[in-house]
Enquirer: 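Here it is: the structure, laid out below.
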Amino acid sequence: MGKSLIAYFSQGGTTATVAENIAEGLRSKGHDVDLHHMNEVPTPELGGYGLLGVGLPVYYFRPPFRVMDFLRDLPDLNGLPVFVFVQYGTLHGDTGTVVRNALTIKGGREVGYFKNTGADYFLGYLKRGYLFSPNNPTVLNLEAAKEFGRNVAGWVTGGNYTKPDDDRPPHGVYRLERFLTNRWFVKLMYSRVFFVRTKKCVSCGLCMKICPLKNITADENGRPLWGRHCLLCLYCEMKCPTDAIVSPVSWPLFSPFMVYNVWRARRDSAIENARVVHEKGHTRRIDNAPSCDKDI
């Protein structure tokens, strides 16, 4: 079989785990698979590959900026078979459709689309006491990922692949939230107004270490300074061991959106939730379940 590349973006590790399980399914059908985290540079040349997979989590009901940059920088795919997989905790919206369309515009030939649920470690929800999809991906989820990989192996060699319909965009409130967190706002406004409670900051450097785009540097006192390439992932604030960082999403402006999102997700019987307390960089369940902290 041909050589395959799976390029993915992952922070907490869930999307990476799903990528590995899809790769296992492909390998079981004879594919030689390389895995590439989008934060690694350079991106491998595509000339030696006969299949490209793109995997991502959902950020604010859209693809992360890093994924869109990866797609923008792809060369003409010239009919290269492609597949997409998306991780989400509450609502995926049309995230997958955006990526699928971008690959099609680049000349890719779609041979697979997979959506999977993962624990929603979003600080706006954790601070309000809820972790959604807390036990995902489950063993069944990961087996489904392997099966998807096996199916893609068949579809890429001429199997009967039926392209799924486009996903529906999120409704009005979520669209407004997506608009207010678009790249223009993040780069020109939000990235300028992260701040540090100087009495709490111990200059440990953790925020700089875990920032996926290395967007945080140290000032003369070792405290963080933010550049203009923020993803608004909030990992710096989420993992700060002294609760010293305050991001724009903690502003009162975003509070109504966070409250609304939590309310809607709690009402959805298809979305599991767990009560949690998040403080000093750790998320602790308070429903007698095991700890739910995730490794970086």
Enquirer: Kindly check if the number of other-residue, nucleotide or ligand heavy atoms within 6.0 Å of CZ (Arg228) is above 12?
Expert: yes
Enquirer: Counting neighbours of NZ on Lys200 that are heavy atoms of other residues, nucleotides or ligands and sit closer than 6.0 Å, is the number greater than 12?
Expert: yes
Enquirer: Flag the pair Phe185 / Phe179 as yes when their ring centroid distance falls below 6.0 Å, and as no otherwise.
Expert: yes
Enquirer: Flag yes if more than 12 heavy atoms outside Lys214 fall under 6.0 Å of its NZ atom; otherwise flag no.
Expert: yes
Enquirer: Under 4.0 Å between a side-chain nitrogen and a carboxylate oxygen: does that hold for Glu20 and Lys146?
Expert: no
Enquirer: I want to know whether His37 and Tyr8 have ring centres closer than 6.0 Å.
Expert: yes
Enquirer: Exactly one of Val246, Leu232, Leu225 should register a side chain to side chain contact (heavy atoms under 4.5 Å, CB included) with Phe194. Which one does?
Expert: Leu232
Enquirer: If we ignore hydrogens and angles and just use 3.5 Å, is the side chain of Ser4 paired with the main-chain N or O of Asp34 as donor and acceptor?
Expert: no
Enquirer: Please find out if less than 6.0 Å separates the ring center of Phe114 from that of Phe83.
Expert: no
Enquirer: Do NZ/NE/NH1/NH2 and the carboxylate oxygens of Asp94 and Arg175 come within less than 4.0 Å?
Expert: no
Enquirer: Within a 6.0 Å radius of atom CZ on Arg72, are there more than 12 heavy atoms belonging to other residues, nucleotides or ligands?
Expert: yes
Enquirer: Verify side chain to side chain contact (heavy atoms under 4.5 Å, CB included) between Val193 and Trp226, making sure each step is shown before the conclusion.
Expert: CA-CA 9 Å; Val193 291; Trp226 284 264; over 6 Å; no
Enquirer: Atom CG of Leu126 and atom OG1 of Thr283: how far apart are they, to the nearest 0.5 Å?
Expert: 4.5 Å
Enquirer: Within the supplied structure, the quantity of interest is the number of heavy atoms (other residues, nucleotides, ligands) at a distance under 6.0 Å from Lys106 NZ; does it exceed 12?
Expert: yes
Enquirer: Check Arg178 against Pro170 and note the closest heavy-atom contact, atom names and distance.
Expert: NH1-CD, 3.8 Å
Enquirer: Are any of the side-chain nitrogens in Asp167 or Lys115 under 4.0 Å away from the carboxylate oxygens of its partner?
Expert: yes
Enquirer: Tell me yes or no: between the side chains of Tyr113 and Arg100, is some donor less than 3.5 Å from an acceptor?
Expert: no
Enquirer: Going by distance alone, is a donor N or O of one side chain under 3.5 Å from an acceptor N or O of the other, for Asn261 and Tyr125?
Expert: yes
Enquirer: Roughly how far, to the nearest 0.5 Å, is the CE atom of Met38 from the CG atom of Asp69?
Expert: 10.0 Å
Enquirer: A quick test of your reading: do over 12 heavy atoms of other residues, nucleotides or ligands sit less than 6.0 Å from NE2 of His229?
Expert: no
Enquirer: Under 4.5 Å between any side-chain heavy atoms of Leu103 and Glu110, yes or no?
Expert: no
Enquirer: Establish whether Leu91 and Val259 are linked, either directly or via other cluster members, by ILVMFWY side-chain heavy-atom contacts under 4.5 Å.
Expert: no
Enquirer: I need the single residue from Pro57, Pro64, Pro212 that forms a side chain to side chain contact (heavy atoms under 4.5 Å, CB included) with Cys233. Which is it?
Expert: Pro212
Enquirer: Do side-chain atoms of Asp73 reach the backbone of Phe70 as a donor and acceptor pair under 3.5 angstrom?
Expert: no
Enquirer: Determine whether Tyr49 and Trp155 fall in the same hydrophobic cluster, where Ile, Leu, Val, Met, Phe, Trp and Tyr are linked whenever their side-chain heavy atoms lie under 4.5 Å apart.
Expert: yes
Enquirer: Are side-chain N/O atoms of Thr104 and Asn101 paired as donor and acceptor at under 3.5 Å?
Expert: no
Enquirer: Near Glu45 CD, under 6.0 Å, is it more than 12 heavy atoms from other residues, nucleotides or ligands?
Expert: no
Enquirer: Taking atom types as modelled, find out whether Tyr260 and Arg264 have a side-chain donor-acceptor pair closer than 3.5 angstrom.
Expert: yes
Enquirer: Using only heavy-atom distances, determine whether the side chains of Ser247 and Glu237 contain a donor-acceptor pair under 3.5 Å.
Expert: yes
Enquirer: I'd like to know if Arg150 and Glu147 make a salt bridge, using a cut-off of under 4.0 Å between side-chain N and carboxylate O.
Expert: yes
Enquirer: Count the heavy atoms of every other residue, nucleotide or ligand shown that sit under 6.0 Å from CG of Asp165, and state whether that count exceeds 12.
Expert: no
Enquirer: Taking side-chain hydrogen bond (donor to acceptor under 3.5 Å, both in side chains) as the criterion, tell me which of Thr14, Thr15, Asn116 meets it with Gln87.
Expert: Asn116
